[in-house]
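FYI, side chains are in, hydrogens and waters are out, and symmetry mates aren't considered; it's all heavy atoms of this structure.
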Amino acid sequence: MEIEITSADFDKQTKIITVVGIDISELRLQRLERQRQDEEPCEITFCFDASGNDKSALKYFYLFLKRQKAVKKAQEAARQAQIVFTWHMAIQSIVGTYVQISQKYRIYES
């Protein structure tokens with residue numbers, strides 16, 4: 001699924017990483033064009049458990065972050081400024097980017 005990330009947050013108490021984005025997938029855009037409707041952007045929420053209970057989710061998110069150019073640039077900037085690069089900095093660096101993300105971690109709201 002292709003999304004534009006609008007916000008990302010890491011809750012230190014629950015150790016849950018929440019990523020919110022707008023669906024920009026080609027199928028959705030084609031459907032809107034066929035129906036000739038101007039809908040509100042479809043916000044989608046993804047959650048990843050960083051507490052260690054779901055190791056596959058944490059591994060997926062870790063590898064997802066490693067693939068992002070924005071994270072690499074932020075990491076290099078932190079290294080040049082001699083600042084310790086943290087999870088929070090990595091998560092905040094992906095806000096505003098267009099990414100492919102697995103629907104497996106999507107939260108469906110009723």
Exercise. Mind checking whether F46 and I22 sit in one hydrophobic cluster, side chains of I, L, V, M, F, W, Y counted as touching below 4.5 Å?
Worked result: no

For this session: Examine I94 and I16 and state if one hydrophobic cluster contains both, with Ile, Leu, Val, Met, Phe, Trp and Tyr joined whenever side-chain heavy atoms are less than 4.5 Å apart.
Result: no

Problem set entry | Of all pairs that satisfy salt bridge (charged side-chain N to carboxylate O under 4.0 Å, His left out), the ones with a partner from residues 51-65, not counting sequence neighbours | none

Seminar exercise, completed: On a heavy-atom basis, the closest approach of C47 and I107 is SG-CG1, 3.7 Å

Exercise. Could you give all pairs that pass the salt bridge (charged side-chain N to carboxylate O under 4.0 Å, His left out) test and reach residues 6-17, with sequence neighbours left out?
Worked result: none

Problem set entry | Value rounded to 0.5 Å, distance of CD1 in I5 from CD1 in I44 | 11.5 Å

For this session: List in chain and number order the residues that pass ring pair (Phe, Tyr, Trp, His ring centres under 6.0 Å) with Y60, two or more places apart in sequence or in another chain; answer none if no residue qualifies.
Result: Y105

Seminar exercise, completed: Across all chains, not counting sequence neighbours, the ring pair (Phe, Tyr, Trp, His ring centres under 6.0 Å) partners of F10 are none

For this session: Can you see which heavy atom on Q100 is nearest to which on E2, and at what distance?
Result: NE2-OE1, 3.6 Å

Exercise. According to the side-chain hydrogen bond (donor to acceptor under 3.5 Å, both in side chains) rule, which pairs have a member within residues 42-52, sequence neighbours left out?
Worked result: D49-S51, S51-N53

For this session: Specify the closest pair of heavy atoms between S93 and A70, including all atoms of both residues, with the distance to one decimal.
Result: O-CB, 3.3 Å

Seminar exercise, completed: Closest non-hydrogen atoms of S56 and K104, given as atom of the first, atom of the second and distance, are OG-NZ, 4.2 Å

For this session: With sequence neighbours left out, write down each residue that passes side chain to side chain contact (heavy atoms under 4.5 Å, CB included) with K69, or none if nothing qualifies.
Result: none

Exercise. Quick one: do L65 and V20 end up in the same hydrophobic cluster if we chain Ile, Leu, Val, Met, Phe, Trp and Tyr together by side-chain heavy atoms under 4.5 Å apart?
Worked result: no

Seminar exercise, completed: Residue pairs passing the salt bridge (charged side-chain N to carboxylate O under 4.0 Å, His left out) test with at least one member in residues 75-94, sequence neighbours excluded, are E76-R79

Would you give me the side-chain donor-acceptor pairs under 3.5 Å for residues 81-92, sequence neighbours excluded?
from: T86; atom 1: OG1; to: M89; atom 2: N; distance (Å): 3.3
from: Q92; atom 1: NE2; to: A8; atom 2: O; distance (Å): 2.6

